[in-house]
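All remarks here apply to the structure that follows.
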Amino acid sequence: MWAIILRWFDPDEVRSVGTTPDYRFSLANERTFLAWLRTALALVGGGLAVAQFLPGHRLRIVVAVSLFALGGLVAVRAIDHWARSERAMRLGEALPPSRFPGILALIVAVGAVALLVATFL
């Protein structure tokens with residue numbers, strides 16, 4: 001567990017294995033990481049907006065906390081995926097597969113439908 005977390009915060013740990021890949025691949029990996037962070041920030045920002053403006057105390061709390069939690073999960077997943085991808089590129093291995101984008105899309109779609117139903121009720 002600690003070795004995984006160390007990879008997130010210690011660039012020397014990531015660079016200690018394999019050989020340096022073409023910098024374009026590392027930069028693309030970083031851009032993907034930053035895109036996931038933007039998604040996480042958008043979810044947290046949406047949670048803040050819901051907490052301030054959505055009527056109905058119980059619904060507001062449930063939706064806001066869900067968005068905060070999902071934003072935090074996306075941020076942690078982003079750094080983990082970045083580290084695993086960087087390590088795979090350095091070792092010449094296949095990039096790690098990820099079901100997370102599909103799962104996130106389903107969660108957002110289900111949440112949107114649930115909010116739509118709540119709006120009309």
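Cluster membership check: L54 does not share its hydrophobic cluster with I61, using side-chain heavy-atom separations under 4.5 Å among Ile, Leu, Val, Met, Phe, Trp and Tyr. Hydrophobic clustering keeps L70 apart from I79 (ILVMFWY residues linked when any side-chain heavy atoms are closer than 4.5 Å, directly or through intermediates). L41 and L73 are not part of a single hydrophobic cluster, where members link through side-chain heavy atoms under 4.5 Å apart. Two different hydrophobic clusters hold L48 and V65 under the rule that ILVMFWY side chains link at heavy-atom gaps under 4.5 Å.
Looking at every heavy atom in both residues, L95 comes nearest to M89 through CD2-CG, 3.7 Å. Between R87 and V17, the shortest heavy-atom distance links the atoms NH1-CG1, 3.4 Å. Scanning both residues, L67 and L43, for their nearest heavy atoms gives CB-O, 3.5 Å. Nearest heavy-atom pair, G71 versus V44, reported as atom, atom and distance to 0.1 Å: CA-CG2, 4.1 Å. Nearest heavy-atom pair, W36 versus P101, reported as atom, atom and distance to 0.1 Å: CZ2-CG, 3.6 Å. Heavy-atom minimum distance, V50 versus R60: O-CG, 3.1 Å.
Between the CZ atom of F33 and the CZ atom of R38 there is a distance of 11.0 Å, given to the nearest 0.5 Å. Atom-to-atom distance recorded for F25:CZ and T20:OG1 is 13.5 Å, nearest 0.5 angstrom. Distance check: D80 CG to F100 CZ gives 10.5 Å after rounding to the nearest 0.5 Å. To the nearest 0.5 angstrom, T32 atom OG1 is 11.0 Å from L37 atom CG.
Among the candidates R31, R90, E86, the single residue satisfying the side chain to side chain donor-acceptor pair (under 3.5 Å) test with S26 is E86.
Side-chain N/O atoms of R77 and S98 include a donor and acceptor closer than 3.5 Å.
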